[in-house]
Asks: 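To start, I am sharing the structure in question, which I have written as structure tokens.
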Amino acid sequence: MDVFSLNKAKINRQELLLLGCICFLYFIFVLIVFVCFKRTFSHDTMWQFGGAHYFYNCLMNGVFPYWDIYNYCGGPFYYNIGILRLLEITTFPLVFIFKFFNLSLFSLYHLDFLTKIFLYALGVYFAMRKVSKYTLSGLFAFFVFIFSTFTFVSFRQSGVFVTFAWTAWGMWFLMRLLEDKFNIYNMVGFCFFLGLSLNSYQGAYVLTFMQFFFLSLLFNRKAYLLSLIKDRKNRRIFLIGVLVISGLFLHTLAVFIEKDKNIAIMRQMYQGTSVPIMPADYLGLFFPGVAAKFWNSLNCKQYFSECAFYIGIIPLLLSVWGMVSSRHKFRFNFIFVLMALVLVSINLQQYLGWVKYLLLPFLIYARNMEIFQPFVIFVLVYFCSQGADDLIQRLNQNKDA
């Protein structure tokens, strides 16, 4: 493959081959544990197996899962941790395949879990491909994300990938809206995937991430946004988008309304003191071992939160380089979002008092700031692709010289 090839509108054969190789490496790496029957899950992901087992078993037997007998002594299964599986692309195909071959529900849980992580990461590839100048930059960004701590932390803290979910796919359509054409197709795509991402009791993190991004657009794309709003045709497109998000968000809204009455797990949805991430998480970006030893020397009881950050040394250096060298039209926006995410994740908003509920209204329903981990990694991967673009361009100039 020509590493200096520019991104094209369509994926070519060589790009598809490299993408397939990365996907193959991912499945081989994670399936070593899967095939060898090693313990894959712990903590939240072990707890969620009960509900998933009941859900799969009901569908295989032609019964709608109205009631979850495994969680909190039984309760209505409309709660979105379970029912949102009906909106997941992987659910029905895998249930059909496993029923046909009479495979175990435990294996189905594994494969469903791994496939969803892959699909969420694939959204990152399309988003990075959209903003990268060179094909190799987008592929490298996809490789970095799928082998980052996003993937492996998810085996313990499933809230990470459940929350991030389809956010990257939504960002891909948002880039198309802002860069290509403001039309119904791109608006429906953005709102559809944003709506799917909000089908989680931790949707507040997605909304906060989007709040930061749209706020940043007011600084450098204000005139463009105003021109969109003034166009009567665009207002109809906005209205269609609102209807799409509303339709996907209604059942989650019902959970918010009833959370104080009979849904115990809604402890995630309350106004209270947020739990900040551990400082070692950001030190761990450079090298986890050094960070762990440093905090151990201070006799800290916990070195990392459940969502430790790590993308690799070379990708991190490329990310820093990308922040300095990038001339991409959205570089300011992603720098703004990164700074905002870091400040919020270490819980500096607590010093704002009641004002924080006006500035950051969605964080009223956010408890663990560590759940911002995949969003931080997503932004770092964006700058990684920008750094790779600059490096390839410099190599290309030296080649021509």
Asks: Can any side-chain N or O of Ser385 pair as donor or acceptor with the backbone N or O of Ser132 at less than 3.5 Å?
Replies: no

Asks: Which residue pairs pass the salt bridge (charged side-chain N to carboxylate O under 4.0 Å, His left out) test when at least one of the two sits in residues 382-398, sequence neighbours left out?
Replies: Asp390-Arg394

Asks: Under 30°, 30 to 60°, or over 60°: which ring-plane class applies to Phe173 and Tyr185, parallel, tilted or perpendicular?
Replies: perpendicular

Asks: So, applying ring-ring contact (aromatic ring centres under 6.0 Å, His included) with Phe145, which one of Phe375, Phe378, Phe164 is it?
Replies: Phe164

Asks: Would you call the rings of Phe193 and Trp166 parallel, tilted or perpendicular if under 30° counts as parallel and over 60° as perpendicular?
Replies: tilted

Asks: Phe182 and Phe238: aromatic ring centres closer than 6.0 Å?
Replies: yes

Asks: For the side chain to side chain donor-acceptor pair (under 3.5 Å) test, which of Ser326, Ser137, Ser319 pairs with Gln386?
Replies: Ser326

Asks: Testing Tyr125, Phe126, Phe192 for ring-ring contact (aromatic ring centres under 6.0 Å, His included) with Trp169, which one passes?
Replies: Phe126

Asks: Using the ring-ring contact (aromatic ring centres under 6.0 Å, His included) rule, pick out the option among Phe334, Phe336, Tyr382 that qualifies with Phe213.
Replies: Phe334

Asks: Step by step, would you call Val95 with Met60 a side chain to side chain contact (heavy atoms under 4.5 Å, CB included)?
Replies: CA-CA 7 Å; Val95 166; Met60 285 185 174; 3.7 Å; yes

Asks: Between Thr151 and Tyr26, is a side-chain hydrogen bond (donor to acceptor under 3.5 Å, both in side chains) present by the stated rule, with each step listed?
Replies: CA-CA 10 Å; Thr151 293; Tyr26 162 75; 5.5 Å; no

Asks: Decide yes or no on side chain to side chain contact (heavy atoms under 4.5 Å, CB included) for Tyr205 and Val160, but give the supporting numbers first.
Replies: CA-CA 10 Å; Tyr205 302 94; Val160 173; over 6 Å; no

Asks: Take Leu198 and Met210 through the test side chain to side chain contact (heavy atoms under 4.5 Å, CB included) and record every step on the way to the result.
Replies: CA-CA 11 Å; Leu198 295 179; Met210 289 297 176; over 6 Å; no

Asks: Check the pair Tyr310 / Phe152 against side chain to side chain contact (heavy atoms under 4.5 Å, CB included), numbers first and verdict last.
Replies: CA-CA 10 Å; Tyr310 192 65; Phe152 303 105; over 6 Å; no

Asks: Report yes or no: does Gln211 contribute a side-chain atom to a donor-acceptor pair with the main-chain N or O of Leu359 at less than 3.5 Å?
Replies: yes

Asks: Kindly check if the number of other-residue, nucleotide or ligand heavy atoms within 6.0 Å of CZ (Phe96) is above 12?
Replies: no

Asks: State, yes or no, whether a side-chain contact exists between Phe212 and Val344 at a heavy-atom distance under 4.5 Å.
Replies: yes

Asks: Would you say Leu225 has more than 12 foreign heavy atoms packed within less than 6.0 Å of its CG?
Replies: yes

Asks: Can you classify the ring geometry of Phe118 versus Phe27 as parallel (below 30°), tilted (30 to 60°) or perpendicular (above 60°)?
Replies: tilted

Asks: Any donor and acceptor pair, going by atom type alone, linking the side chain of Asp231 with main-chain N or O of Lys233 inside 3.5 Å?
Replies: yes

Asks: Using the six-membered ring wherever Trp is involved, compare the ring planes of Tyr120 and Phe161 and label them parallel, tilted or perpendicular (cut-offs 30° and 60°).
Replies: tilted

